[in-house]
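Structure, as structure tokens:
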Number of protein chains: 2
Amino acid sequence: MTGSCFAERLARYVPLTDSEKRALERLENNPRDLPRGATITRENDNCDEMYVLRHGWAMSYLILDDGSRQILRLHFPGDMFGTSSAAFGEATESLVTMSHATLCPFDKQALRVVFDEHPRLAALFFIIAQAERVSLTDRLASLGRTSAKARVAALLTDMLVRLRFLNKDISDTIPLKLTQEEIGDATGLTAVHVNRMMRALAEDGLVMRNNGNLVIRDEQGLARIANYVNRYAELDLGWLPAPR
Amino acid sequence: MTGSCFAERLARYVPLTDSEKRALERLENNPRDLPRGATITRENDNCDEMYVLRHGWAMSYLILDDGSRQILRLHFPGDMFGTSSAAFGEATESLVTMSHATLCPFDKQALRVVFDEHPRLAALFFIIAQAERVSLTDRLASLGRTSAKARVAALLTDMLVRLRFLNKDISDTIPLKLTQEEIGDATGLTAVHVNRMMRALAEDGLVMRNNGNLVIRDEQGLARIANYVNRYAELDLGWLPAPR
DNA sequence: CGGCTAATTGACATGTATCAATTAGGGTGG
DNA sequence: CCACCCTAATTGATACATGTCAATTAGCCG
């Protein structure tokens, strides 16, 4: 146990030195407990913080002028998020918890130490940023070029893949903490239409509802109609600097 | 003159040290000239390179199973692109020139030196990655939650803002190197519908065509209907490490 | 003067949104 | 344990935005 959720995540890619672990722990020395639905940051508010999520789920979203919402990304335990604070003084997105959550905020000034003293960690931060960028481009293609059914399938597949990455015990069943309205806001659809697509996916034998859970009955099939590419599998870390 | 297009870009945010300039120049010591329409990388090909664009335009895109294309981003002079190579061994997107172009490829191993010896440059790389991530989230909201007309307006506004950032002489007229098919592939629309939306924008007095150029007649109005947020204006660099 | 690609236009098809009920489910207080 | 309430899910009818198909025109290059 490193005492840092984020360190554990990174340690899955490369074994960390003690010094690196300590540097990451400093990012998490200020944990805060939040109830479900708590607002962490609102778009355009001044914000110099970034966050590591230790327990629970969160999400980031934008609200447009007409009041509609675009959910940008779901955040799971071990994720670092709110990272646009590194570039901007005002929040570029709103952040809210989707469940009871433990959150570790840290000031972006803390990044200076990481970049100054731990080049390998800095490189990992950059690599993660690139991986998230790719995840966003995949979603862009999903929204721009695939059908409603495919978009919903892509969201569900991505949730399964990411949650399983965090917990190897997960095989085909995940908690579905999203309302259909939220699924719609993530996929650019209406709640009503999401409902129809979920039913269609169920009728196709691809998924099944069970209490608040979702059972993926045909992962391959779901991924296929979603046009889903699993890119989490392997990062290429060949260029990393030496650890310090 | 630094001899590095990318260094000039970064120097607009912070004055660079000689040592930093030299490090950036090394990324560009292998320029290559390409004709219009040249493929730089194809999705899924092995690729350990990243690129700095010195002259001309390029773009990145994905092709889906059904053959449809999603254009992810346009790249202009001074842009670094193909950066997902930092995280993956295979290209996550295809790259192609949109005009005669001068390109400077560098192996991702070169990043190691930057992160090891130039923490401030590394931090700038991270900041730029975050800014591009935000740009993608804005586009996600555009595709997910706005009308066809708004999406086209957003693309045109973004092009104007970015090109003007590169060249202060640009006031309201930009070359439109995109076919309507390409505009459609960028905005998730059909070429036919793009044509109608362009006409609508023209009828609204927002834009005008002139040879191969586009004249933005009402930038405010175009940005308003596009739901456009200009985030290029100011980065917050307060946390940057000391230069080396 | 072809010959090619891109732009334009019209008629029509379809996917998704909208509107309006109704039903189901999950807490809470009595 | 039941009655109630509130939110989410579900369903049907209809409207509308965008896609599709097909044809024509414009523009450019050799």
> What is the nucleic acid contact for A/G188, judged by heavy atoms within less than 4.0 Å: base, sugar-phosphate only, or nothing?
Replying inline: sugar-phosphate
From CD of A/E181 across to C1' of C/dA17 the rounded distance in Å is 13 Å
Check your understanding: Is any NZ, NE, NH1 or NH2 atom of the basic residue among B/R54 and B/E28 found under 4.0 Å from an Asp or Glu carboxylate oxygen of the other?
Key -> yes
Taken to the nearest whole Å, CG/A/L176 to P/C/dG25 is 15 Å
Taken to the nearest whole Å, NZ/B/K149 to C1'/D/dC16 is 15 Å
task = Looking at every strand, decide which applies to A/T179 at a 4.0 Å heavy-atom threshold: base, sugar-phosphate, or nothing.
result = sugar-phosphate
In whole angstroms, the gap separating P of D/dT7 from CD of A/E182 amounts to 14 Å
- Looking for any heavy atom pair under 4.0 Å, which part of the strands does B/R209 touch: base, sugar-phosphate only, or nothing? sugar-phosphate
Quiz item: Just checking, any donor-acceptor pair under 3.5 angstrom between side chains of A/Q130 and B/T83?
Solution: yes
Residue pairs passing the side chain to side chain donor-acceptor pair (under 3.5 Å) test with at least one member in residues 220-231 of chain A, sequence neighbours excluded, are A/D138-A/R231, A/D158-A/Y228
note: A/N213, atom CG; C/dG26, atom P; distance rounded to Å ~ 12 Å
Rounded to whole Å, the CG-P distance (A/D185 to C/dA17) equals 11 Å
Output for pair (B/R9 CZ, B/M80 CE), nearest 0.5 Å, gives 10.0 Å
What residues 194-205 of chain A contributes to the DNA chain D interface at heavy-atom separation below 4.0 Å is A/N195, A/R196, A/R199
Margin query: Categorize A/G212 for me: base, sugar-phosphate, or nothing, with a 4.0 angstrom heavy-atom threshold over every strand shown.
Written below: nothing
In whole angstroms, the gap separating P of C/dT16 from CG of B/L189 amounts to 14 Å
Write out a two-atom table: protein N or O, nucleotide N or O from nucleotides 20-24 of chain C, distance below 3.5 Å.
none

Sequence neighbours excluded, the answer for salt bridge (Lys or Arg N to Asp or Glu O under 4.0 Å) partners of A/E219 is A/R164
### Query
Using a distance-only test with no angle check, is there a side-chain donor-acceptor pair under 3.5 angstrom linking A/Y51 and A/S85?
no
Is there a side-chain contact (heavy atoms from CB on, under 4.5 Å) between B/L53 and B/F81 once you walk through the steps?
CA-CA 8 Å; B/L53 188 56; B/F81 66 107; 3.8 Å; yes
Bend of the helix from C/dC1-D/dG30 to C/dG30-D/dC1 from end-axis comparison, five pairs per end, nearest 10°, comes to 40°
With a 3.5 Å cut-off and sequence neighbours excluded, list the donor-acceptor pairs that the side chains of residues 198-212 of chain A form with protein atoms.
| residue | atom | partner | partner atom | Å |
| --- | --- | --- | --- | --- |
| A/D204 | OD2 | A/K149 | NZ | 2.7 |

In whole angstroms, the gap separating P of D/dA8 from CE of A/M98 amounts to 12 Å
Looking only at C/dA7, D/dT18, D/dG19, the nucleotide nearest the B/A148 side chain is D/dT18
Of A/R151, A/E181, A/R196, A/Q180, the one forming a side chain to side chain contact (heavy atoms under 4.5 Å, CB included) with A/L189 is A/R151
inquiry  = On the six-membered ring of B/F165, is B/R12 placed so that its NZ or CZ lies under 6.0 angstrom from the centre and within 45° of the ring axis?
reply    = yes
- request: Consider only side-chain N and O atoms of A/T173 and A/N213, and report whether a donor and an acceptor are under 3.5 Å apart.
  value: no
Margin query: I'd like to know if A/R73 and A/E132 make a salt bridge, using a cut-off of under 4.0 Å between side-chain N and carboxylate O.
Written below: yes
Taking for A/H193 and for A/N211 the nucleotide of DNA chain C with the nearest heavy atom, the one nearer the 5' end belongs to A/H193
